[in-house]
2 protein chains.
Amino acid sequence: MVESSEAGDLVFRALADPTRRRMIERLSQRECTVGELAEPLDMSLAGASKHVGVLEQAGILVREKRGRERVCILRPGGLIAMRDWVARYSAFWDARLESLDRALREDGDE
Amino acid sequence: MVESSEAGDLVFRALADPTRRRMIERLSQRECTVGELAEPLDMSLAGASKHVGVLEQAGILVREKRGRERVCILRPGGLIAMRDWVARYSAFWDARLESLDRALREDGDE
DNA sequence: CTTATACTAAACTATTTGGTTGACTATTCC
DNA sequence: GGAATAGTCAACCAAATAGTTTAGTATAAG
């Protein structure tokens, strides 16, 4: 792999894992402690903690110490790199969707 | 890992690699053969071909055989799963961005 | 027909990743 | 103070990933 060191790269890599996407889903409803995130996941607390660490390093959430608990809070804007990237290619799609016949040559079957 | 088998999961995983994102970037300008995609990447043709395979399986592009070349064509709509996912949390951000003082408690430094 | 080109497939390797357990710290509760 | 709770850290393991090389197929060109 090529190391890339781009900031957005951490976001893309963080989101590649379905478990972490479930965590984000959950956190978009309400703040959760690490334990609350781990509970529905059939996973050890330490495992969940590592996932939270990945999300934190990607700038997607922050961990806030409250007593002996760590409350995870989604950072609005943490996914901006990805939104921008997607927006960029949305423009591409919109342009191409006007000439569907060519681009969708073999697209009808899936 | 939990197998997830969700369709969108392939898209997220495909986009996790910076090399594949560069390929998409390139393909958004013009169609390319596998060889053309490999050339600027300092990577063997076989390596590039594997990346193309991942993108194809995720539904992001199609490979079209033309003579002895395979032309890669971005599928408009191939990234819809991701766009939808992002749109969903964009709504979340917009809601939260109105109460910045709480959510951005330690957000000023990056 | 023969050779070069464009690519894929298979086997292999090294690194990364997702997960575990066990030990440790910090906090709360009795 | 002592025991339970919440979490992190470090070491470890298995599986996935990104890359290679070598061999093989299909098409193009001489």
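First the proteins, then the strands, lettered A, B, ... as listed; each starts at 1.
Per the geometry, CG belonging to L37(B) stands 14 Å off P belonging to dG19(D), to the nearest Å. Atom CD of E64(A) is separated from atom P of dT8(D) by 14 Å (rounded to the nearest Å). Taking atom CZ on R13(A) and atom P on dT15(C), their separation rounds to 16 Å, with Å as the unit. In this structure, CD of E39(A) is placed 11 Å from P of dA6(D), rounded to the nearest angstrom. Taking atom CG of D17(A) as the reference point, atom P of dT16(C) lies 18 Å away to the nearest angstrom. Here the P atom of nucleotide dA18(D) and the CZ atom of R22(B) are 15 Å apart, to the nearest Å. Rounded to whole Å, the distance from CG on L15(B) to P on dA18(D) is 12 Å. Taking atom CD of residue Q57(B) and atom C1' of nucleotide dA16(D), one finds them 14 Å apart after rounding to whole Å.
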Counting primed atoms, P, OP1 and OP2 as sugar-phosphate and everything else as base, the B/S/- map of nucleotides 20-30 of chain C against protein heavy atoms under 4.0 Å is BB----SBB--
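Among residues two or more places apart in sequence or in another chain, the side-chain contact (heavy atoms from CB on, under 4.5 Å) test is passed with I24(B) by W85(A), Y89(A), L15(B), L55(B), I60(B), L74(B). Remark: R68(A) engages no residue in a salt bridge (charged side-chain N to carboxylate O under 4.0 Å, His left out) (not counting sequence neighbours).
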Quick one: side chains of residues 34-51 of chain B, donor-acceptor pairs under 3.5 Å with protein atoms, not counting sequence neighbours, listed by atom name and distance.
| residue | atom | partner | partner atom | Å |
| --- | --- | --- | --- | --- |
| E36(B) | OE1 | T33(B) | N | 2.9 |
| S44(B) | OG | G47(B) | N | 3.0 |
| H51(B) | ND1 | R20(B) | NH1 | 3.0 |

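Between R63(B) and dC7(C) there is no side-chain N or O to OP1 or OP2 distance below 4.0 Å. In terms of phosphate contacts, S49(A) brings no side-chain nitrogen or oxygen within less than 4.0 Å of OP1 or OP2 of dC9(D).
Here the side chains of R83(B) and S90(A) are in contact, with some heavy-atom distance below 4.5 Å. Proximity of L61(A) to R75(A): side-chain heavy atoms (C-beta onward) are nowhere separated by under 4.5 Å.
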Let's go through E25(A) and R88(B) carefully: what are the C-alpha distance in whole Å and the side-chain angles of both, what is the deciding distance for side-chain contact (heavy atoms from CB on, under 4.5 Å) to 0.1 Å, and is it a yes or a no?
CA-CA 10 Å; E25(A) 161 99 44; R88(B) 176 172 176 171; 2.5 Å; yes
